[in-house]
Protein chains: 2
Amino acid sequence: MTPFKPVKQVKASEEVFNQLKSAIFKGQYLAGEKLPSERELIATFCVSRTVVRESIKALEASGLVQIKQGATGGAFIKELTFERLTSATKDLFFMNQMTFSEICEARLNIEPMVARLAAENCTEECAEKLRLACSKENDSLEYPETVMLRSHVHYLLADMCNNRYLTAIVKSMIQLVGRITEEFQPNTDEIHPAGLHDVIVEAVIAGDGAKAEREMYLHLKTFLTITQEIERQYRESLAS
Amino acid sequence: MTPFKPVKQVKASEEVFNQLKSAIFKGQYLAGEKLPSERELIATFCVSRTVVRESIKALEASGLVQIKQGATGGAFIKELTFERLTSATKDLFFMNQMTFSEICEARLNIEPMVARLAAENCTEECAEKLRLACSKENDSLEYPETVMLRSHVHYLLADMCNNRYLTAIVKSMIQLVGRITEEFQPNTDEIHPAGLHDVIVEAVIAGDGAKAEREMYLHLKTFLTITQEIERQYRESLAS
DNA sequence: GATATTTAAAATGTATGACATTTGAATTTG
DNA sequence: CAAATTCAAATGTCATACATTTTAAATATC
């Protein structure tokens, strides 16, 4: 055993990628700001344009920067939102690594708890938004607007729980269920008549967390069961 | 208004990326399989090597393929695990888009529910693993092994809930808390003595979901409060 | 014949130079 | 002053050459 350690041969593009990523994480570049241009990066890192471009491309694919072309173009730091979580979830779903049932079950278990948190944090401003959303649920019965209208309350409650992680998770689940619903376009008034959220919203506005949790669970239990059934029938019709 | 629609100028590399991604999503390439080599892709898409390489680089950064060099190298389809969710969560955390408290709160609300589900699905094989993990919690008090040992039960329970989405979420939260713990390296036996999980595991093995949920909540409430306090003190010491 | 060693081949990685395209800003023109 | 034009700076694409890595086959060595 020699006292020497192997010189780890890191690929140049990977090294550049890591350094840039670190800089971004350290806050050296803030959201909206621009990374140095390709030419400057070439000079800074002493590598070819190929390497610089591939590194930046990787940053873009990672969702950290957005590349714009043109005179004032460049790699702009993206505001790191929770969109990444949502998109990762979607990908898993569409690669059949996650079933619709799993989403529904998770939602059934998590969203009531979020409703409870929302009730504990409800301000007058929130209350107003909730009332408005409820009153507008009947404004359209056409797809895809109706899905947006009838799920608006769910989004508002997710925003109210004061926990961005939970907000992100819940929103991604709502989106996925919404997408499935849009695909099959069942009669909205049959599977999800307007006004179903009224009792939940009442409880939230009253600050009654326990009741909000209970009512949300009941609501989802009914709705998701129906939705799953629709999806099941669809798959059966395909098989026959 | 002319009847014409603008010809959207999609960048070639983006187009190639999308087509490859679609193919992967459609199951045209299974995990472990290899995408065509650069040369073949050049011929297939009629683009330059630059475009092909940047596309594949983007696929790699998206976590869909892993590139290997050498004679039998190429872009190999990765088994799409939930690792992507975890990494997205980590990034958000390290960019200060998510606080430690938010993670703790989410975990406190979700993991007890997962423990309940685990209790409802507990097989004899699972029970054996749980008992073993409990018995080994004292095998090391050194970092980082101790963190692994003392969190093993949590991982097992996450696996047992029979919902891969919940499993992924919980695991990523455990990892983040573990990482924080490692950073400060408090005396393990003080903040998390061995045997704390025994009562939870008992309940799970007995199939008592309600009790498992309750005990997990109590356990986490204590542990996470302490952890948050440690982190708070650390930040204060920095400020002074 | 078994085992090292060498060689060859196939794949990705990097460098370089040229040109194309996009886009905003400076400049000209009416 | 406003509209049109030109210009310049940035990214996007192409083509070619060579470097590096890795495996497998060919070859030499014992």
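Residue numbering restarts at 1 for every chain, and letters A, B, ... go by the order of the sequence lines. Being a predicted model, the structure only gives us computed values, none of them experimental.
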With sequence neighbours excluded, tell me which residues meet side chain to side chain donor-acceptor pair (under 3.5 Å) with [X].
X	value
E236(B)	R232(B)
E15(A)	Q19(A)
E111(A)	R107(A), H154(A)
R131(B)	E128(B)

Protein-nucleotide distance ([X], atom [atom1]; [N], atom [atom2]), rounded to Å:
X	N	atom1	atom2	value
E14(A)	dT20(D)	CD	P	18 Å
F17(B)	dG12(D)	CZ	P	15 Å
L41(A)	dA10(D)	CG	C1'	12 Å
I42(A)	dT14(C)	CD1	C1'	12 Å
K11(B)	dA20(C)	NZ	C1'	14 Å
E15(A)	dG13(C)	CD	P	15 Å
I67(A)	dT13(D)	CD1	C1'	14 Å

>> Going by the rule side-chain contact (heavy atoms from CB on, under 4.5 Å), which residues pair with C104(B) if we only count those two or more places apart in sequence or in a different chain?
In response: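 C104(B): side-chain contact (heavy atoms from CB on, under 4.5 Å) contacts with F100(B), L224(B), Q228(B).
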Backbone N/O of K11(A) and side chain of E14(A): donor-acceptor pair under 3.5 Å: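 A pair under 3.5 Å: no.
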Can you name the atoms? Protein N/O to nucleotides 25-27 of chain D N/O, anything below 3.5 Å, with the distance.
none

ring-ring contact (aromatic ring centres under 6.0 Å, His included) contacts touching residues 10-43 of chain A (sequence neighbours left out):
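Qualifying pairs, neighbours excluded: none.
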Using a distance-only test with no angle check, is there a side-chain donor-acceptor pair under 3.5 angstrom linking Q175(B) and S172(B)?
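S172(B) and Q175(B) do not have a side-chain donor-acceptor pair below 3.5 Å.
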- request: Just jot down the ring pair (Phe, Tyr, Trp, His ring centres under 6.0 Å) partners of H192(A), sequence neighbours excluded, or say none.
  value: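 Applying ring pair (Phe, Tyr, Trp, His ring centres under 6.0 Å) to H192(A) gives H197(A), H219(A), F223(A).
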Donor-acceptor pairs are to be reported for all side-chain atoms of residues 56-80 of chain A against protein atoms at under 3.5 Å, with residues two or more places apart or in another chain.
from	atom 1	to	atom 2	distance (Å)
K57(A)	NZ	S13(B)	OG	3.1
S62(A)	OG	A58(A)	O	2.8

Practice prompt. Enumerate the residues from residues 46-54 of chain B whose closest heavy atom to DNA chain D is under 4.0 Å, giving them by residue number; use none for an empty result.
Written response: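 Per residue number, the list reads V47(B), S48(B), R49(B), T50(B), V51(B).
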- Message: Test: salt bridge (charged side-chain N to carboxylate O under 4.0 Å, His left out). Region: residues 152-161 of chain B. Which pairs qualify, not counting sequence neighbours?
- Response: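 Counting only pairs at least two positions apart or across chains, the salt bridge (charged side-chain N to carboxylate O under 4.0 Å, His left out) contacts touching residues 152-161 of chain B are D159(B)-K171(B).
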Protein N or O to nucleotides 9-11 of chain C N or O, pairs below 3.5 Å:
from	atom 1	to	atom 2	distance (Å)
dA11(C)	OP2	R39(B)	NH2	2.7

